Amino acid sequence: MSGTVFILNGPNLNLLGKRQPEIYGRETLKDVEENCTKLAAEHGLSIRFHQSNAEHQIIDWIHEARETAIGIIINPAAFTHTSVAILDALNTFEGPVLEVHISNVHKRESFRHHSYVSLRADGVMAGFGTQGYELALLRMIRLAGLQPVDV
Ligand code: DHK
């Protein structure tokens, strides 16, 4: 298997490990990147791992993924609940899109229950902590080996 998976992270996730650890845990985004890089390499895939607090930057990475990635794993963070622009960008991408939330957003405030990104996502992980990224990556690895019609 070969190919590149983009793993994109939205606002405030640069503070992962320090920010509200009772909700988001103590692992840093660097830890998540290392774990995902190792897992992807074991399956012959590479990853591009990015974080930005700027909506336009995330959109630009999604556009870049159109040319270079076999799939996108995205934790849009607060943009999940607000960004039609990120949804529109993801709708230009033809491969699988998996949405990750570290916390169980459905157990939290009602404004976190709606996701624009879920209108495009092929799968959603929520409440699995930072392990959710690796679980999504395992699903992406499976999808990368499947024919488009298989599930
Ligand atoms: C991260 C955030 O920053 C919040 O804005 C989302 C998400 C939930 C998470 O659980 O990873 O509501």
Side-chain angles (χ1 to χ4, degrees), residues 3-43 45-66 68-144:
T4 301
V5 177
F6 274 38
I7 303 181
L8 304 178
N9 294 279
N12 301 303
L13 289 168
N14 52 311
L15 297 178
L16 193 64
K18 298 182 199 138
R19 162 204 189 207
Q20 295 181 283
E22 69 286 1
I23 295 176
Y24 298 107
R26 296 204 176 270
E27 270 201 328
T28 66
L29 206 59
K30 190 80 195 150
D31 295 329
V32 174
E33 179 174 3
E34 283 172 11
N35 292 341
C36 289
T37 301
K38 188 166 171 280
L39 180 61
E42 284 166 8
H43 294 269
L45 293 177
S46 59
I47 62 166
R48 289 271 308 278
F49 197 97
H50 293 301
Q51 186 276 333
S52 180
N53 297 324
E55 192 175 20
H56 70 87
Q57 176 63 82
I58 293 168
I59 292 164
D60 286 347
W61 283 325
I62 294 167
H63 293 176
E64 195 184 328
R66 280 166 47 79
T68 56
I70 60 163
I72 296 174
I73 294 171
I74 184 165
N75 182 349
F79 292 148
T80 307
H81 319 297
T82 61
S83 183
V84 174
I86 289 177
L87 169 63
D88 284 350
L90 289 170
N91 277 329
T92 74
F93 182 76
E94 289 184 0
V97 173
L98 302 178
E99 177 181 351
V100 171
H101 303 290
I102 296 163
S103 63
N104 181 359
V105 283
H106 301 290
K107 205 177 166 186
R108 301 180 64 192
E109 304 95 323
S110 58
F111 65 82
R112 295 185 204 275
H113 297 176
H114 178 261
S115 166
Y116 284 101
V117 170
S118 289
L119 292 167
R120 167 62 182 88
D122 298 294
V124 183
M125 302 287 313
F128 290 83
T130 48
Q131 190 188 5
Y133 288 87
E134 289 167 76
L135 296 172
L137 186 55
L138 282 172
R139 177 64 181 161
M140 194 61 84
I141 289 160
R142 167 76 69 90
L143 292 174

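The shown structure was predicted, so the numbers you read here are calculated from the model rather than taken from an experiment. Counting convention: from 1, in listed order, for ligands and their atoms alike.
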task: Kindly state whether the ring of Phe79 and the ring of His81 have centres lying under 6.0 angstrom apart.
output: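 Centroid distance Phe79-His81: not below 6.0 Å, so no.
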
Ligand 1-proximal atoms of [X], by part, heavy-atom distance under 4.0 Å:
X	result
Arg19	side chain
Asn12	neither
Asn75	side chain
His101	both

field: Residues Glu55 and Asn53: side-chain donor-acceptor under 3.5 angstrom
entry: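 Absent: no donor and acceptor within the cut-off.
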
task: Would you tell me whether Glu99 and Thr80 have side-chain atoms, one donor and one acceptor, within less than 3.5 Å of each other?
output: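 Their side chains do not contain a donor-acceptor pair, so the 3.5 Å distance test is not met.
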
Taking [atom] as the reference point, the nearest protein heavy atom with its distance:
atom	value
atom 9 (C) of ligand 1	Ile102 N, 3.3 Å
atom 10 (O) of ligand 1	Ser103 OG, 2.6 Å
atom 4 (C) of ligand 1	Arg112 NH1, 3.3 Å

query: Taking only heavy atoms of His81, which atoms of ligand 1 are found under 4.0 Å from at least one of them?
result: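 In order of number, 6 (C), 12 (O).
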
message: Can you tell me if Arg19 has over 12 outside heavy atoms packed within less than 6.0 Å of its CZ?
response: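 Correct, the count exceeds 12.
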
message: Please determine whether the number of non-hydrogen atoms from other residues, nucleotides or ligands lying under 6.0 Å from atom CZ of Arg142 exceeds 12.
response: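 Not more than 12 within 6.0 Å, no.
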
query: Has Tyr24 got any heavy atom lying under 4.0 angstrom from an atom of ligand 1?
result: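 Checking ligand 1 against Tyr24, which is what was asked, there is a heavy-atom contact under 4.0 Å.
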
field: ligand 1 contact by Val105, heavy-atom criterion under 4.0 angstrom
entry: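 Right, Val105 reaches ligand 1.
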
message: Are Leu90 and Val97 packed together at the side-chain level, in the sense that at least one heavy-atom pair is separated by less than 4.5 angstrom?
response: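 SC-SC contact between Leu90 and Val97 confirmed.
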
- prompt: Quick one: does Leu8's side chain get under 4.5 Å of Asn75's, heavy atoms only?
  reply: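 Side chain of Leu8 against side chain of Asn75, heavy atoms only: no contact under 4.5 Å found.
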
